[in-house]
Amino acid sequence: MDRREFVQRATATTAALGLAPYARPGRKEAQSSRVVVDGLDTSLINEGFLELLETGGVDCVHKSMGEPAYYGMIYAFLAHHRDVIVPAFTVKEIREAKSQGKRSIIFGAQHANLLEAMMPKDVSGTYGQLVAGLKLYYDLGQRFQGICYNVANVFGGGCLDPRVPLTRAGHRLVEEVHKIRMILDVAGHTGEQTSLDALEMSTGVPVICTHTNSAALNPNARATTDRVLEAIAWTGGEVGITSISDFQMRNPANYQSQGKTSPQATLDVHLKQYDYMKKRIGIDHIALGPDFVWGWGEALNHRAENSLTFPPDALSDGPAVTTKDYENISKLPNLIAGLRSRGWSEPDLDKLLGANWLRVYEKVWGA
């Protein structure tokens, strides 16, 4: 089932159930010319999340997605709330939504494990099946594609396997992602060498990392080295900065003394991420990628002893924790105020809060 059929069925379901569109109206007019983009969010999409977007002043959110059935649920929700939020597949549609007083949502995948699962594990596996899988997700609306999720897959190495290179299948994945005009998402969950290999073969195409932190500030496995950050900037791409507390506070040298749970990162600790990356790779190459997990609660109750993807030196036990005073997207004004207090100019904030993302989106997707 492709995206159009999902939308048609979702709309029909809404009508059949007698559901009226979401009663709370969208913004009557754009409050400013600045388009604010939440560059990666894994929060639950429901009416409460719409309230958070409104409070935070966000115009567009990149929602991290999963298997095809999840798209069906999201499109049904969007059909029911079409006066408030709409799917977007181009920068033009993002801007049009804002001009109409609505918010927009765009879709991506943090890794290629679902594509790998579609490929048979015997000699019948073909590149054609990889291409078909990418097209399926593109037709559903996906516009971002990652490679690995912390551990190695058929395409390359995850952040826990930093020396594993991009494989032959991974080279083909990168080629096809660029051909279909999705945005390639490396680093963060993908390992250093695999990321560098993918960046090296992406000449002329901006590549991004939707959500990470600086390994120079805290050497957590999920943080990214300066070498990779600089290579992303060299492509003309962007690095989204995440609010996940442990990636800023927990590392192999201190996790045993901190115990099963690390201290929550303060807003001041988090703001240093922006200052550092701005100095290291430039204001034109950093953006919001908070990776908020609002709404999941105990469903993300981590236990390191049972985890193959997040060992105890990388992630605390218990529910996922984000930065204090920047726990979800409604708290974005706190981040903005903090950056202003550190001397960030309005042109700098324009770039960080959305213009940088939109530049890359338009470069890859077209106008």
Side-chain angles (χ1 to χ4, degrees), residues 109-117 119 121 125 127 130 144-178 183-203 205-235 237-242 244 246-256 273 276-277 280-281 285 289 291 302 304-315:
Q110 296 185 28
H111 54 79
N113 293 351
L114 292 173
L115 295 174
E116 180 181 15
M119 301 169 64
K121 297 297 186 286
Y127 287 130
L130 169 62
F144 305 83
Q145 180 62 60
I147 301 177
C148 302
Y149 193 91
N150 293 15
V151 296
N153 60 20
V154 70
F155 303 111
C159 64
L160 299 181
D161 309 296
R163 291 184 293 278
V164 174
L166 191 70
T167 65
R168 182 179 296 232
H171 277 80
R172 188 59 182 267
L173 171 66
V174 171
E175 290 172 353
E176 295 302 327
V177 167
H178 291 327
I183 297 174
L184 183 65
D185 182 10
V186 304
H189 290 296
T190 298
E192 181 178 50
Q193 190 58 55
T194 292
S195 296
L196 290 170
D197 292 343
L199 288 159
E200 185 177 5
M201 62 179 292
S202 299
T203 303
V205 183
V207 176
I208 67 172
C209 179
T210 49
H211 57 304
T212 193
N213 296 103
S214 165
L217 293 181
N218 185 59
N220 186 289
R222 264 287 281 109
T224 300
T225 64
D226 287 346
R227 187 182 179 196
V228 176
L229 296 175
E230 290 166 357
I232 291 171
W234 181 84
T235 70
E238 297 298 327
V239 176
I241 300 173
T242 176
I244 299 294
D246 276 346
F247 303 163
Q248 304 167 75
M249 300 295 292
R250 194 172 182 88
N251 62 61
N254 68 16
Y255 80 99
Q256 290 180 318
Q273 296 278 332
Y276 179 83
M277 290 201 196
R280 190 75 196 191
I281 60 175
H285 302 291
D291 196 20
H302 178 67
E305 64 268 22
N306 295 324
S307 177
L308 294 175
T309 55
F310 275 112
D313 60 352
L315 194 64

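As the structure is a prediction and not an experimental result, all values here were calculated from the model.
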Measure the shortest side-chain to side-chain distance between Ile147 and Thr194 over non-hydrogen atoms and say whether it is less than 4.5 angstrom. yes

Hey, could you give me the CZ/NE2 distance between Phe155 and His111, rounded to the nearest 0.5 Å? 11.5 Å

Value for CD (Gln248) from CG (Leu217), rounded to nearest 0.5 Å, stands at 9.0 Å

Where do Asp313 and Arg250 land on the side chain to side chain contact (heavy atoms under 4.5 Å, CB included) test, with the steps shown first? CA-CA 7 Å; Asp313 60 352; Arg250 194 172 182 88; 5.9 Å; no

Regarding Asn218 and Asn251, do their side chains bring together a donor and an acceptor under 3.5 Å, going by distance alone? yes

Check whether the side chains of Ser214 and Gln273 place a donor and an acceptor atom closer than 3.5 Å, and report yes or no. no

I'd like to check Ile232 versus Ile281 (side-chain heavy atoms, cut-off strictly below 4.5 Å). Are they in contact? no

Residue pair Ala314 / Ala221: nearest heavy atoms and the distance that separates them: CB-CB, 4.5 Å

Under the side-chain hydrogen bond (donor to acceptor under 3.5 Å, both in side chains) rule, what pairs show up with a residue in residues 149-162, not counting sequence neighbours? Asn113-Asn153, Asn150-His189

Just so I know, are the side chains of Ile208 and Thr235 near enough to count as touching, which here means a heavy-atom distance under 4.5 Å? no

So, for Leu229 and Thr212, which heavy atoms are closest and what is the spacing to 0.1 Å? CD2-CG2, 4.5 Å

Answer yes or no: is there a side-chain heavy-atom contact under 4.5 Å between Ile241 and Met277? yes

The criterion is side-chain contact (heavy atoms from CB on, under 4.5 Å); which residues satisfy it with Arg168, sequence neighbours excluded? Tyr127

Ser195: partners by side-chain contact (heavy atoms from CB on, under 4.5 Å), with sequence neighbours left out: Val186, Ala187, Thr190, Val228

Tightest non-hydrogen contact, residues Ala231 and Leu199, listed as CB-CD1, 3.6 Å

Any side-chain heavy atom of Ile183 sitting closer than 4.5 Å to one from Gln145? no

Verify the neighbour count for atom CD of Glu200: are there more than 12 heavy atoms of other residues, nucleotides or ligands below 6.0 Å? no

Which is it for Met201 and Glu175 under the side chain to side chain contact (heavy atoms under 4.5 Å, CB included) test, yes or no, and what are the steps along the way? CA-CA 8 Å; Met201 62 179 292; Glu175 290 172 353; 3.6 Å; yes

Nearest 0.5 Å please: distance from the OG1 atom of Thr242 over to the CG atom of Asp291. 4.5 Å

Flag the pair Asn213 / Thr224 as yes when at least one side-chain heavy-atom distance between them is below 4.5 Å, and no otherwise. no

Could you tell me which non-hydrogen atom of Cys209 sits nearest to which non-hydrogen atom of Gly188, and how far apart they are? SG-N, 3.7 Å

For the student: nearest non-hydrogen atoms of Thr167 and Val154, plus distance: OG1-O, 2.5 Å

So do the side chains of Gln110 and Phe144 get within less than 4.5 Å of each other, counting heavy atoms only? no

pair Leu315-Phe247: side-chain heavy atoms closer than 4.5 Å: yes

Is Arg280 salt-bridged to Glu230, cutoff N-O under 4.0 Å? yes

Quick one about Asp226 and Tyr276 (side-chain donor to acceptor, distance below 3.5 Å, no hydrogens or angles considered), yes or no? yes

Ignoring hydrogens, what is the shortest heavy-atom contact between Leu184 and Ser202? Give both atom names and the distance. CD2-OG, 4.0 Å

